Structure formats: structure tokens, C-alpha cells
Protein chains: 2
Amino acid sequence: MDLAAVFTRRDPAPLAARLKADTGLDVPVLALAEAENWRERLDAVILCGGSATDLPVQTPEFAAKFNVVDSFDTHARIPEHFQNVDAAAKQGGHLALISAGWDPGMFSLNRLYANAILPEGRDYTFWGRGVSQGHSDAIRRLKGVKNAKQYTVPVDSALEAVRSGTNPELSTRDKHTRECFVVLEEGADAARIEQEIKTMPNYFADYNTTVHFLGEEEFLRDHGGMAHGGIVLRSGLTGGGHRHLIEYSLRLDSNPEFTGSVLAACARAVCRMFAAGERGCRTVFDVPPACFSPQSAEELRASLL
Amino acid sequence: MDLAAVFTRRDPAPLAARLKADTGLDVPVLALAEAENWRERLDAVILCGGSATDLPVQTPEFAAKFNVVDSFDTHARIPEHFQNVDAAAKQGGHLALISAGWDPGMFSLNRLYANAILPEGRDYTFWGRGVSQGHSDAIRRLKGVKNAKQYTVPVDSALEAVRSGTNPELSTRDKHTRECFVVLEEGADAARIEQEIKTMPNYFADYNTTVHFLGEEEFLRDHGGMAHGGIVLRSGLTGGGHRHLIEYSLRLDSNPEFTGSVLAACARAVCRMFAAGERGCRTVFDVPPACFSPQSAEELRASLL
């Protein structure tokens, strides 16, 4: 697998210099509009835009011209996105794989396998401890906030209740707490900002939220990372009344690097499935697992089965 | 999905009575030779024989006449078994899925996904705490042993070393201990038997093994279960030097019931893939995950992705 080119809406030159400095890769970095001229040279395109406004437009547009992979993660809008991308990919004779990454993605796969094996049971997904980009942004938009980072933290006692096999009913508040680290602008009203965070609908109002104010130096030193992770569990019964627990967990020092690694494996799968004649839109649910691996079917059976 | 019939090498009548008493199912229980007459009525056959001598013969034989699923688990002989079953299934125009269950099976899938995502890393598989049928049998074959059960136990400190991300080099002895519960026949020599267990090549000689002798009543009361489970981990690095840990674990109160549930989901997948025109032998590596689920692709995308 080779990285052929990077297409960007930013100024390409500084990005090319940074890519080379960070990775040693001497790869063309080009304006987004140039992608059109690379149609014969790219086996697959990985779309790295955001789910709110980029991907709903970009993925259908690119799927008409390229095989594509995206990480569209607005769960409620996946069916609509799927339809749009499917139509575009079929029209252009290409293959698209949407909503890849870890959730949706690896967590989804584990929910699916666990549900198929244990039809009588209950699913639980815990996120964290990790940085929520969306919640950090929401805090940064408040007047008087200079910088902020929000950590989603699973509640240990809720996790233990699930593991004990009691299949507890857990509310939003029971499962996660939210921890906020905030740098104030000079003269900002800390009490007002804390109140605004804790009562913010959708983002914080339904959670037990703690807010810490700190200096910028300390913030940059201690909260620069993008670690994340989480746990998917299914607890269920089989016919003879026996209980089983299936648990999948990720501990990621860098959310974007791990997500990128999943997308790279997905690009490999897309190329293989395209070569086998598949066209239209797919998700990880449709991909034979062997397609993600660089090893042959024979090697996989001999070494990993 | 309906259970159409059970075919057995034992006397069918008592088995039918027991099946009805245990489950309420009023299903034909028939001599194995009768399966031949059911070729038009069975969408898939789940083979429940042992890997040592049953499945190497039965799976190719049945794959020539039926769509089949087996749980062949002698890892080293999977390539050979695959070839035999593939040839038979292709000749008969059927589809076979071999080596399903949890290891090989769900653990294999998790090794494959984790390797595809984190090509630079290291795999670890821990089994237990749980009953090893093969090791229990090996003890029961010793002269003077009336009954025995062997538990495979993962070593906590080894597991913690893996989770810490140090990618330790772990020997067989480092990863698991073996705990044996033995009922002696009257007058048997406990010291001799303990020595024979601890020095038994392949089974116990490479492990730290403890042997407990106990009375039959206590044995039946405390060691009647078939619980098992284990953990598959992959610890690896991505390009920017960040570390990631992927962990999949199973805690099963009944190994045979859970394995049966995996095989039932595999039978569903085999029927779907057969209907789509697939013939020959497959493993879980080749099965699009959605095929295991009773839900439609649309439902899965809307509910589990």
C-alpha cells in the first residue's frame, strides 16, 4: 500500500513541508480541485473531512469518481448518507465504504457479532476515558473561554454492574461523567462559565460534570493529547440458562492515528472488493474480514485462525 | 431458524426423551445413517463431533451432501482439513464453514482485525480461567484416578504486563498455570499420581501445575461446570509513535452452550452465502459479518452501526 498524494483545501506547500518533516514522506500535496486529474492513478481515496458538513457532500461527490472510504460518524444520519453514497458510487461504477473507524467501526462490528451469538442479552457501550472533540469545541465557543478540553469518563460502578451480569438499566448520567479543563480569558467570570457549561443542553445537562480552571501553561503541558478509547459489552443468556459476557475494549493513545489506521485497512478492503466486481456503498458489516489484511487467505488460516 | 432434526451415533430414543425433557423441543432424533434421507429438507448441518478423529472424516463426507458447519479446533491441521472439505463441498455443490466457535472462531476474528489495524504490534492470547476438556481427560487416563478436572488459569502479572504496553516476551510457563482437582480410586498412590501429572509432556511439564486431591462428593458439588473464556490482546504502535491496546475477552458460564450459539449463527451465514451462489469451504475470515445476524442490512445500519 502506498500513499500516492494528499489533497487539501488549505495551502498545499506548508502542509507538504510539515508532512515531510514529520514522516519523511516525499508525497505530492495538492489542491483539492486537482484530485480530478488523478482519477486513473488512485485505487482508493480516504476522505478525512468532518461529518457535520464535509462528508455529506464530499463522499457522494468523490464516490462518483473514485473508490472511497470515509469515517462518517453521525449515527442517526447513517441510513441517509448510505443511500446518497450508494447512488453516486453505482452511477460512477465505484465502491464506497462509509462510517469506518472505531465507533462507528470496530465497536459496531463487535456489537453485531455479539448480538448474532447472544440474541437474548443486552448491549452496553462506554466511551473514554478520552477527549471528546465535539464537547471541547462546545466549551471553547463560550464567551470568555480561551481554551478547553473535555474528557468523557466511564463510571466504574456502572461498568462493574454490567460485568457482574445483572443487566442493569443505566441512564446517560449513570454511565459517564464529563470532566472539563478550561483556560479563561483575562477577566472572564469563572462562576458564570461553569454554570453555562453544566447546564448546556445535549452536551452537559444530562451528565454529572466537573469543571477545572487552570493556567494556559499547565493546560498545554497536561492536556495536549488526543487519547481515547472505550468498551463495548454484551451480557446474555444461552438456552440452558447460562450467562456469558463478551467484552471488547480499546485504549488509544491517539484517537486520530488509530482511526487513520482503521481507514487504511478499509482502503485495502475496498480495493480488493472492487477488483472482485463489487460496486455501490458498503459498511464494515459487509466486508469479509480477510479483505482487511495484507496476508493471503492461506497465510491467515495457517497463522491467525 | 428451526432445529429440524438431530442425528446421533447413540441410541436415538433416550436422547429424544432427554432433549424434550430439557428443552421442551419435540424434534426427531434419528440414527446418523438416516441423515442421507433428509438431503432435501436440511438447509445446513452442524457437525458436533470431536476434532481428533470425527471431524476429519465427517466434515468432508457431509460437505459433499449438505451445507455444513464444524468447530474443528486442531489449529495445526486446519490447512489440511480446509483442503479436504473444500474439495468435497465443491464436488457436491455445497458450502462449508469450518473451525467456528470461540478459538478458533471469535478469537481468530479479533486477532485478524487487530493485526490489520495495527501491523506493528504483538498478539497475546490467554485462556481461562476455565475447564480444559483435553487436560482433564489426560489426568483421568492415569491409573488410580477416578475423576478429574483441570482449570487453565491466566497469570495476572503476565496479563498486566501486556496491558501496560511493554510488549513482553512471555513463555508458556509465564502465561498460564494449571490447576487440577483429582478424585483418587481407593488405595491409589497420591504422590505417584501428582508426580505423573506434573511431569506429563505437552500437557503439564511446561507449566506451573498444582494438584488438589478431594472426595467425590465435593468434586461433583464444586467442579461440575463447564465455564471457560479468555482474552485476546494486541498491543501496537502507529506512525506517530503512539501506543494502542485492543482487547477482546469472553467470560462463559458454559463453553459448550456458547460454542453452540456461535455455530448456530454460522449456520445462518452459510445458508445466506449458499443462496448467494457461494460453494466450497470457508472460515469466519471469509464471512461478511452481516450474514451472521437475523436482521436485514438496513436494520443493522440503523441500529448497530
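All values derive from a computational prediction rather than experimental measurement. Proteins come first, then strands; the chains are lettered A, B, ... in the order of their sequence lines, and each starts at number 1. Hydrogens, waters and symmetry mates play no part in the numbers below; they use all other heavy atoms, side chains included.
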Worksheet item: Under 3.5 Å, is there a donor-acceptor pair between the side chain of B:Glu257 and the main chain of A:Gly240?
Response: yes
Worksheet entry | Separation of B:Leu305 CG from A:Ser99 OG (nearest 0.5 Å) | 5.0 Å
Practice prompt. Would you give the length of the straight line joining atom OG of B:Ser249 to atom CD1 of A:Ile231, rounded to the nearest 0.5 angstrom?
Written response: 9.0 Å
Discussion item. Heavy-atom pairs under 4.5 Å with chain A: which of B:Asp103, B:Thr283, B:Leu300 has the most?
Written reply: B:Leu300
Response to the item:
In this structure, CZ of A:Arg251 is separated from CD1 of B:Ile246 (nearest 0.5 Å) by 12.0 Å
Worksheet entry | Which portion of A:Asn110 sits near chain B, non-hydrogen atoms under 4.5 angstrom | side chain
Response to the item:
If one checks every heavy atom of A:Asp22 against chain B at 4.5 Å, the contacting part turns out to be neither
Practice prompt. Grab the two heavy atoms, one from A:Tyr113 and one from B:Pro289, that are nearest each other, plus how far apart they are.
Written response: OH-CG, 3.4 Å
Item to complete: For residues B:Met106 and A:Ile117, determine if any side-chain heavy atom of one lies less than 4.5 Å from a side-chain heavy atom of the other.
Response: yes
Item to complete: Go through the atoms of B:Arg163 and report whether side chain, backbone, both or neither lie under 4.5 Å from a heavy atom of chain A.
Response: both
Worksheet item: Side chain, backbone, both or neither: which part of B:Ser254 has a heavy atom under 4.5 Å from chain A?
Response: both
Item to complete: Calculate, to the nearest 0.5 Å, the distance between atoms SG and CG belonging to B:Cys291 and A:Leu112 respectively.
Response: 10.0 Å
Worksheet item: OG1/A:Thr238 to CZ/B:Phe258 distance, rounded to the nearest 0.5 angstrom?
Response: 9.0 Å
Worksheet item: Is it the side chain or the backbone of A:Leu304 that comes within 4.5 Å of chain B heavy atoms, both, or neither?
Response: both
Worksheet item: Contact part of B:Leu109 toward chain A, heavy-atom cut-off under 4.5 Å: side chain, backbone, both or neither?
Response: side chain
Practice prompt. Heavy-atom distances under 4.5 Å only: say whether A:Val232 touches chain B with side chain, backbone, both or neither.
Written response: neither
Fill in: Pairs of heavy atoms under 4.5 Å with chain A: top-ranked of B:Gln295, B:Arg268, B:Glu247
B:Glu247
Discussion item. Within the 4.5 Å heavy-atom criterion, are A:Leu250 and B:Leu245 side-chain neighbours or not?
Written reply: no
Item to complete: Heavy-atom distances under 4.5 Å only: say whether A:Tyr248 touches chain B with side chain, backbone, both or neither.
Response: both
Practice prompt. With a 4.5 angstrom heavy-atom cut-off, could you sort out which part of A:Val287 is near chain B: side chain, backbone, both or neither?
Written response: backbone
Practice prompt. Pick one of side chain, backbone, both or neither for A:Leu118, based on which atoms fall under 4.5 Å of a heavy atom in chain B.
Written response: side chain
Worksheet entry | Distance in Å, B:His244 NE2 paired with A:His228 NE2, rounded so as to fall on 0.5 Å steps | 13.5 Å
Discussion item. Between A:Arg301 (side chain only) and B:Ile78 (backbone N and O only), is there a donor and an acceptor less than 3.5 Å apart?
Written reply: no
